[in-house]
Protein chains: 2
Amino acid sequence: MPATQLRAASPTGSRTGTREAILALALDLLQARGFNAFSYQHIADRLGIRKAAVHYHFPTKADLGLALVAHYRTQFEDWRAAQMEKGAGPLDLLRGYMAISLHFLRDGGKACPLGVLEAEFASLPPPLREAVTALDTELREFLAGVLEAGRGAGIFRFDGPAADKVLVITASLQGGLHIARAAGARSFTRMLRQLERDLGITND
Amino acid sequence: MPATQLRAASPTGSRTGTREAILALALDLLQARGFNAFSYQHIADRLGIRKAAVHYHFPTKADLGLALVAHYRTQFEDWRAAQMEKGAGPLDLLRGYMAISLHFLRDGGKACPLGVLEAEFASLPPPLREAVTALDTELREFLAGVLEAGRGAGIFRFDGPAADKVLVITASLQGGLHIARAAGARSFTRMLRQLERDLGITND
DNA sequence: GCATACTTACTTACCAGTAGGTAAGCTCTT
DNA sequence: AAGAGCTTACCTACTGGTAAGTAAGTATGC
């Protein structure tokens, strides 16, 4: 899509920004309701455009899902780059990652995009499944590095491989966001505190 | 539902067992695909009956969802009663609970019914939401008791309130079952081992 | 500098399929 | 005779997706 690149490069080229508006709204709907629980019609209605306009930008729902994963991946990469630039340590990185989840929860009870897609995994188009698996792996590898570095620096304390510990932490965060919808937001903040205790982090 | 009680009480009263077959299949579909991802038509097709027959037993999908939660609750109560009868200790109970999750995963990559319903919480009929919250609370209270008893007996070792630790464990189990679909079944068994390590359980 | 050719970003109008749900009738057992 | 347990036939709403058309902008050749 050379035209898209052109628009992205030159601000004057983007007259409406419809594509970006669809992506932002769809990510919201995905996190708040799930991939199978929103339709092109919902997006069109809330954006004041026609359904076919959504299909123009994202021909099939699989295309939209793929773009959503790519969009979320970009957001994560930007966050990671910003953290690295300001020299964030393992504790900053872990707490920053937790803060992202907490922000989701407070923003209308949203969940992690990957957690939502994994919950609906069986009904996802195969290409979307592969994209989810790939990003999921990337996030876990990043966090495993954070955990290992933190343990080496004496900031975290835990038994077993960091690759196993990261599974507990990401599963807790994703599952905890879902549980918080039924059990209340406090359940999630209490869970976060417990996750820190389980890493030997002593709170002031 | 007097008819249900009658059929359940007197085996001769149940000629076909259609109601039970619907419940069993619907629970399967719920765990494997999600509440919004199966339809009355799916159930009817796989059971060799008509869609209206499903509506006869469960007029609306909310009714079916409510029955599903009640059904799962009964299964849990039966399991708990059986464990209590054979004098299971905290470690048996915790591992038994983990084994249920592992059994779900191996039975076609199914997830915890409550975890699935919580992931779709926003699109659930309000009565169903309340039933989910109630059962979720019950399960957590049970497990918190197990954790506290185990800590008192020197079997488990963890910091903080058992009510917080149970949030980490249930969120891990529910989230871990979803993640396993994208990351593979091994990720779940490794996560289970880490959960045990985080409780100070030393494996042979 | 102006017409021609083409692209972008939509709209209107439609499609087949499926969703949940209902009313009326049939059949078998008690 | 009555009711439980269905079936047939239907309804409306909505799903993802497509075809055809159009207004507005951009690029190119002369």
Side-chain angles (χ1 to χ4, degrees), chain A residues 1-23 25-26 29-30 33-68 120 123-128, chain B residues 1-23 25-26 29-30 33-68 120 123-128:
Chain A
M1 278 155 203
T4 304
Q5 290 171 356
L6 195 65
R7 264 206 316 288
S10 67
T12 54
S14 176
R15 289 188 309 283
T16 55
T18 302
R19 197 191 129 96
E20 285 66 32
I22 294 170
L23 271 181
L25 176 59
L29 289 169
L30 172 73
R33 311 193 46 102
F35 190 70
N36 292 316
F38 74 85
S39 68
Y40 274 40
Q41 193 63 60
H42 291 139
I43 294 173
D45 289 348
R46 287 186 45 181
L47 253 34
I49 56 177
R50 302 293 135 180
K51 190 166 65 83
V54 186
H55 278 286
Y56 170 76
H57 290 285
F58 306 98
T60 72
K61 210 177 175 184
D63 293 325
L64 177 56
L66 250 10
L68 248 18
E120 299 178 273
S123 64
L124 257 35
L128 186 48
Chain B
M1 282 149 202
T4 304
Q5 290 170 354
L6 194 66
R7 265 207 315 288
S10 66
T12 55
S14 176
R15 290 189 307 283
T16 54
T18 301
R19 197 191 130 95
E20 285 66 33
I22 293 170
L23 271 181
L25 176 58
L29 290 168
L30 172 73
R33 311 194 46 101
F35 190 70
N36 292 316
F38 75 86
S39 70
Y40 274 40
Q41 193 63 60
H42 291 140
I43 295 173
D45 288 348
R46 286 187 44 181
L47 253 33
I49 57 178
R50 302 292 137 177
K51 191 164 64 86
V54 185
H55 278 286
Y56 171 76
H57 290 285
F58 306 99
T60 71
K61 208 177 177 185
D63 292 325
L64 177 57
L66 250 8
L68 248 17
E120 298 178 273
S123 64
L124 257 33
L128 186 49

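Order of the sequence lines fixes the chain letters, A, B, ..., with proteins taken first and strands second; residue numbering starts at 1 for each chain.
For A:Phe35 against A:Glu120, the heavy-atom pair with the smallest separation is N-OE1, 2.6 Å. When every heavy atom of B:Leu66 is checked against every heavy atom of B:Pro127, the shortest pair comes out as CD1-O, 3.6 Å. When all heavy atoms are compared, the tightest approach of B:Lys61 to B:Phe38 is NZ-O, 2.6 Å. Between B:Ala37 and B:His42, the closest heavy-atom pair is O-CE1, 4.0 Å. Contact between A:Ala67 and A:Leu23 at its shortest, heavy atoms only, is CB-CD2, 3.8 Å. Scanning all heavy atoms of the two residues, the minimum distance from A:Asn36 to A:Ser123 falls at ND2-OG, 2.7 Å.
In this structure, the NZ atom of A:Lys51 is 9 Å from the C1' atom of D:dT18, given to the nearest Å. A straight line from CG of B:Leu47 to P of D:dG5 spans 15 Å, rounded to a whole angstrom. C:dT11 atom P lies 12 Å from atom CD of A:Gln41, rounded to whole Å. Separating the CG atom of A:Leu29 from the C1' atom of D:dG16 is a distance of 16 Å, rounded to the nearest angstrom. The CZ-P distance, from B:Arg50 to C:dT27, rounds to 16 Å in whole Å. With rounding to whole Å, A:Ile43 atom CD1 is found 16 Å from C:dC10 atom C1'. Rounded to whole Å, the distance from CZ on B:Phe58 to C1' on D:dG5 is 13 Å. Protein atom CG of A:Asp45 is 13 Å distant from nucleotide atom C1' of D:dT15, rounded to whole Å.
Between B:Thr18 and the phosphate of D:dC6, there is a side-chain N or O to OP1/OP2 separation shorter than 4.0 Å. Contact annotation: A:His55 does not reach the phosphate of C:dC10 (side-chain N/O to OP1 or OP2, under 4.0 Å). Phosphate contact (OP1/OP2 of C:dT18, side-chain N/O of B:Ser39, threshold under 4.0 Å): absent. Taking only side-chain nitrogens and oxygens, A:His57 never comes nearer than 4.0 Å to OP1 or OP2 of C:dT8. Phosphate contact (OP1/OP2 of C:dG20, side-chain N/O of B:Tyr40, threshold under 4.0 Å): absent.
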Just the atom pairs and distances: protein N or O near nucleotides 24-26 of chain C's N or O, under 3.5 Å.
none

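With hydrogens and angles left out, the side chain of B:Lys61 and the base of C:dG21 share no donor-acceptor pair within 3.5 Å.
Put simply, the side chain of B:Tyr40 never gets that close to the backbone of B:Ala53: no donor and acceptor are under 3.5 Å apart.
Judged by closest nucleotide on DNA chain C, A:Tyr56 is the one of A:Tyr56 and A:Ile49 placed further toward the 5' end. Both B:Ala52 and B:His42 lie close to DNA chain C; mapped to their nearest nucleotides by heavy-atom distance, the more 5′-ward contact belongs to B:His42.
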